[in-house]
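Below, each value reflects all heavy atoms present in this structure, side chains not excepted, and no hydrogens, waters or symmetry copies. Below, chains carry the letters A, B, ... as their sequence lines are ordered, and counting in each starts from 1.
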Protein chains: 2
Amino acid sequence: MSISSRFAVGVHILTLLEVNKGGVNSSEFIAGSVNTNPAVIRKIMGMLKKSGLINVRPGIAGADLAKDLSMITLLDVYKAVNVVQEKELFSIHENPNPECPVGRNIQDTIGPLFSSAETAMEKALGNVTIADVVKDISKKEKLNTV
Amino acid sequence: MSISSRFAVGVHILTLLEVNKGGVNSSEFIAGSVNTNPAVIRKIMGMLKKSGLINVRPGIAGADLAKDLSMITLLDVYKAVNVVQEKELFSIHENPNPECPVGRNIQDTIGPLFSSAETAMEKALGNVTIADVVKDISKKEKLNTV
DNA sequence: TTGAAATGTAATCAATTTGATTACAAGTGT
DNA sequence: ACACTTGTAATCAAATTGATTACATTTCAA
């Protein structure tokens with residue numbers, strides 16, 4: 001299984017808010033860039049808003065970043081869109097046999113190990129910001145334009 | 001979404017093969033410890049076998065480890081049970097708008113970033129072996145027995 | 001103040017995945 | 001020959017995803 005593309009879309013949205021900050025970033029406009037339904041965008045924007053990453057208001061078209069580009073990490077987005085619940089990247093089978101030495105301990109033993117791996121992944125996400133994403137896209141655009 | 005418990009069950013199986021290496025580790029016995037259906041165990045064992053982690057033969061009851069405990073990492077198990085396809089821990093939305101600067105570059109930009117995070121996670125899994133798991137369970141058992 | 005336009009949010013739907021279950025062919029040893 | 005086990009496919013309910021539709025609520029301008 002893969003982690004929901006809601007995460008990638010969240011990054012897309014934030015990036016677009018910056019790149020198109022001169023224009024009106026309505027859910028419909030963003031949906032056109034992402035290529036999905038405006039309602040999907042609004043749902044994700046609601047999550048980004050709830051986490052304090054963007055400003056959006058009912059009735060008013062458009063949204064913008066609530067923080068500096070360089071202060072928003074991919075981890076912030078990842079957490080915001082709830083693609084994985086805390087400590088649940090890896091699921092562990094429930095109700096193993098308590099009468100078996102392995103069964104009665106396996107959960108407590110691998111739980112922390114799985115958490116460490118999950119944390120390592122999150123740490124990597126925390127080292128990248130939306131500013132980095134915008135910068136990379138700018139670089140790619142310049143190369144394509146030459 | 002969470003990664004399939006097939007991974008956790010895979011670790012459980014390998015651990016049990018060691019802890020109960022004196023006995024006959026049939027799919028039925030293992031299923032009793034994991035608390036699931038024998039067919040589920042056989043399917044996972046088939047994957048572990050295909051990756052060279054265990055020995056199992058048709059018609060012959062039981063299985064055993066094909067390598068030294070300390071030479072089997074959680075990453076080996078993770079790869080063996082196919083819970084996540086290569087470079088696909090994070091899914092990225094398809095068909096973003098090619099007429100938008102963000103849309104036409106977002107995939108190539110976040111792809112490598114997501115891969116790095118995925119690799120960080122895998123590296124953490126690679127640092128732990130089944131021997132470590134067995135050792136931890138032994139420790140817990142001794143504490144419980146006192 | 002009326003109406004157009006946008007956000008917020010819920011409900012529904014098809015597609016996909018998971019784990020459980022059943023069934024049975026094929027291999028093995030007594 | 002027979003009992004037992006593995007290998008494997010098919011089926012099924014439950015859960016999740018993303019798309020879609022619908023509509024209440026909010027805002028602002030005419």
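- When rounded to the nearest whole Å, the span between CD1 of A:Ile3 and P of C:dT16 equals 21 Å.
- To the nearest 0.5 angstrom, B:Arg42 atom CZ is 7.5 Å from B:Asn37 atom CG.
- Nearest-nucleotide assignment on DNA chain D puts the 5′-proximal partner with B:Met45, out of B:Ser91 and B:Met45.
- If you check D:dT6, C:dG19, C:dT22 against the side chain of B:Arg6, the one that comes closest is C:dG19.
- Counting to the nearest Å, the C1' atom of D:dT16 and the CD atom of A:Glu88 are 14 Å from each other.
- Comparing C:dG29, D:dT5, D:dT20 by their closest approach to the side chain of A:Asn37 singles out D:dT20.
- OP1 or OP2 of D:dT6 lies within a sub-4.0 Å distance of a side-chain N or O belonging to B:Ser27.
- At least one side-chain nitrogen or oxygen of B:Thr36 sits closer than 4.0 Å to the OP1 or OP2 atom of C:dA20.
- B:Lys50 comes within contact range of no nucleotide atom at all, as no heavy-atom separation falls under 4.0 Å.
- At the phosphate of D:dG7, OP1 or OP2 sits under 4.0 Å from a side-chain N or O atom of B:Lys49.
- When rounded to the nearest whole Å, the span between CD1 of A:Ile54 and C1' of C:dA6 equals 14 Å.
- Projected onto DNA chain D by closest heavy-atom contact, A:Asn35 and A:Gly59 fall at different nucleotides, the more 5' of which corresponds to A:Asn35.
- Atom CD1 of A:Ile130 sits about 10.0 Å away from atom CD of A:Glu18, to the nearest 0.5 Å.
- Look at CD1 on B:Ile44: it is 8 Å from P on C:dG19, rounded to the nearest Å.
- If you find the closest nucleotide of DNA chain C to B:Arg57 and to A:Ala61, the one lying nearer the 5' end belongs to A:Ala61.
- At a threshold of 4.5 Å between non-hydrogen side-chain atoms, the residues A:Phe90 and B:Val83 do not count as touching.
- Between C:dT7 and A:Ser26, no contact under 4.0 Å exists linking OP1 or OP2 to a side-chain N or O.
- Dashed line: the shortest gap from a side-chain N or O of A:Ser5 to OP1 or OP2 of D:dG18 is under 4.0 Å.
- Classification of the A:Phe7-A:Tyr78 ring pair by plane angle, with boundaries at 30° and 60°, yields perpendicular.
- D:dA19 atom C1' lies 13 Å from atom CZ of A:Arg42, rounded to whole Å.
- To the nearest angstrom, C1' of C:dG19 lies 16 Å from CG of B:Asn82.
- Counting heavy-atom neighbours within 6.0 Å of A:Lys43 NZ, excluding the residue itself, gives a total of 12 or less.
- Rounding to whole angstrom units, CD1 of residue B:Ile41 and C1' of C:dT21 are separated by 14 Å.
- Distance B:Ile60 CD1 to D:dG7 P: 10 Å, rounded to the nearest Å.
- Listed nucleotides C:dG8, D:dT20, C:dT21 differ in distance to B:Ala39; the shortest reach to its side chain belongs to C:dT21.
- The environment of NZ in B:Lys67 is crowded: more than 12 heavy-atom neighbours from other residues, nucleotides or ligands sit within 6.0 Å.
- Closest approach to the A:Pro58 side chain among C:dT21, D:dT5, D:dT26 is made by D:dT26 (side chain taken as heavy atoms from C-beta onward).
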